[in-house]
S.K.: 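Please find one structure pasted underneath; my questions will follow.
Every chain is numbered from 1 and lettered A, B, ... according to where its sequence line falls, protein lines coming before strand lines. The model shown is predicted, which means the values in this text are computed figures rather than measured ones.
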Number of protein chains: 2
Amino acid sequence: MEAMGEPKSQERYEDELRSAGMRITRPRKTILKILAEGEGHPDAMTIFHRASEIDASVSLSTVYRTMKVLEDRGAIQRHVFEGGPSRFEPAGGRHHDHLIDTETGEVIEFRSDKIEALQEEIARSRGYEIVSHRLELYVRKIRGRKR
Amino acid sequence: MEAMGEPKSQERYEDELRSAGMRITRPRKTILKILAEGEGHPDAMTIFHRASEIDASVSLSTVYRTMKVLEDRGAIQRHVFEGGPSRFEPAGGRHHDHLIDTETGEVIEFRSDKIEALQEEIARSRGYEIVSHRLELYVRKIRGRKR
DNA sequence: CTCACTGCAAACTCTTTGCATGGTT
DNA sequence: AACCATGCAAAGAGTTTGCAGTGAG
């Protein structure tokens, strides 16, 4: 219930890359392991730090390059939330949008078929078709009165 | 019907700044004039170029600084669409979201109370209140079959 | 006459890229 | 052995900022 973009296993990622004719190198293994852990929606620097703990020789460039490759392969998705760096999440789950807790930076996924339908309607009524869309709710936890 | 963030007149902008104790300088006058023209959703570089034609001495820094001041005053809004630089629009009209034509970069404003309501519902059901939100539809013109 | 504002250049953040070396297949 | 991928450092894009000079009030 937490993750709609359910994290692929590391093996799954590796197969995906291998079958695309890419080499499974040590740095990539490390990075894929981190993605497979599925801890939130990390940015490149976070991935880099986590990777460094496993293998101190992994470079930030490689993190960026690997993310780009995975993105091009459609294995991950990149999100740029307000004012921040790109954050990544495993792709392949159902499409969803995001709530971003403005106090903690935590990201919560949600999905609304009603909203999706309304968007379609809006675009179509203006003579357009939707190529992609982005819906982000920047939120704050309600405290005090319960409910 | 094109602009929901109806462009304030230049005088309106100036008054707004003056009453906030700010000095109306030559560069600011020039920049405000451009904003008042309300031509689309320009980015800083575009504003800079347009300003340069009127007064070649205006600097890009001043454009950025002025935009920031106006943004802090709530006189304009900043939008960062996918992969692009910040783009600005006069604020004060009703809230609205954006359709971005992926082929031309043109921005079309729209508004959906239904979607707004659904967003509220989604946030609330998860224990959050919305601080701000962003809804962008990246679209392509439908051609061929009419309708 | 003051002090906010300016232009300029330098700094900054995030990301990409050129190059020579190194590791997979 | 071939050549893709790597690390490093440098380059980019967009934006912000330090500084000394300038001009609005």
S.K.: Is there a donor N/O on one and an acceptor N/O on the other, under 3.5 Å, for the side chain of Arg28(B) and the base of dC5(C)?
M.R.: no
S.K.: Could you give the NZ-to-P distance, from Lys29(A) to dT6(D), as a whole number of Å?
M.R.: 12 Å
S.K.: For Met22(B), report the nucleic acid contact type (base, sugar-phosphate, nothing); a contact means any heavy atom under 4.0 Å.
M.R.: sugar-phosphate
S.K.: Looking at Phe81(B) versus His98(B), is the centre-to-centre ring distance below 6.0 Å?
M.R.: yes
S.K.: Quick one: does Arg23(B) reach the base of dC5(C) with a side-chain donor-acceptor pair under 3.5 Å?
M.R.: no
S.K.: The side chain of Ser61(A) is closest to which nucleotide in this list: dT25(C), dC8(D), dA5(D)?
M.R.: dC8(D)
S.K.: In whole Å, I'd like the distance from the CD1 atom of Ile24(B) to the C1' atom of dC5(C).
M.R.: 12 Å
S.K.: Taking only side-chain nitrogens and oxygens of Thr25(A), does any of them come within less than 4.0 Å of OP1 or OP2 of dT6(D)?
M.R.: yes
S.K.: Taking CZ from Arg78(B) and P from dT15(D), how many angstroms apart are they, rounded to a whole number?
M.R.: 7 Å
S.K.: Tell me the interatomic distance from His49(A), atom NE2, to dC14(C), atom P, rounded to whole angstroms.
M.R.: 11 Å
S.K.: In a check of side-chain contact (heavy atoms from CB on, under 4.5 Å) between Leu32(B) and each of Glu37(B), Glu11(B), Gln10(B), which one passes?
M.R.: Gln10(B)
S.K.: I'd like to know if Arg65(B) reaches the base of dC5(C) with its side chain such that a donor and an acceptor end up less than 3.5 angstrom apart.
M.R.: no
S.K.: Return the value, rounded to whole Å, for the distance between atom CD1 of Ile31(A) and atom C1' of dA5(D).
M.R.: 11 Å
S.K.: Are Gln77(B) and His41(B) linked by a side-chain donor-acceptor pair shorter than 3.5 Å?
M.R.: no
S.K.: Is the shortest side-chain N/O distance from Ser86(B) to OP1 or OP2 of dT15(D) below 4.0 Å?
M.R.: yes
S.K.: Among dC5(C), dT15(D), dG7(D), which nucleotide sits nearest the side chain of Pro85(B)?
M.R.: dT15(D)
S.K.: Please determine if a side-chain N or O atom of Lys68(B) lies less than 4.0 Å away from the OP1 or OP2 oxygen of dT16(D).
M.R.: yes
S.K.: Hey, is the side chain of Tyr64(A) poking within less than 4.0 Å of OP1 or OP2 on dT16(C), counting only N and O atoms?
M.R.: no
S.K.: With the side chain of Thr62(B) defined as its heavy atoms from C-beta on, choose the nearest nucleotide among dT16(C), dT6(C), dT25(C).
M.R.: dT6(C)
S.K.: Between Asp43(A) (CG) and dC14(C) (P), how many Å, whole number?
M.R.: 8 Å
S.K.: Just how far, in rounded Å, is C1' of dG14(D) from CG of Leu60(B)?
M.R.: 9 Å
S.K.: Side chains of Glu89(A) and His96(A): is there a donor and an acceptor less than 3.5 Å apart?
M.R.: yes
S.K.: Would you indicate whether Arg26(B), at its atom CZ, is surrounded by more than 12 heavy atoms from other residues, nucleotides or ligands within a distance under 6.0 Å?
M.R.: no
S.K.: Rounding to an integer number of Å, can you tell me how far Arg26(B) CZ sits from dG25(D) C1'?
M.R.: 18 Å
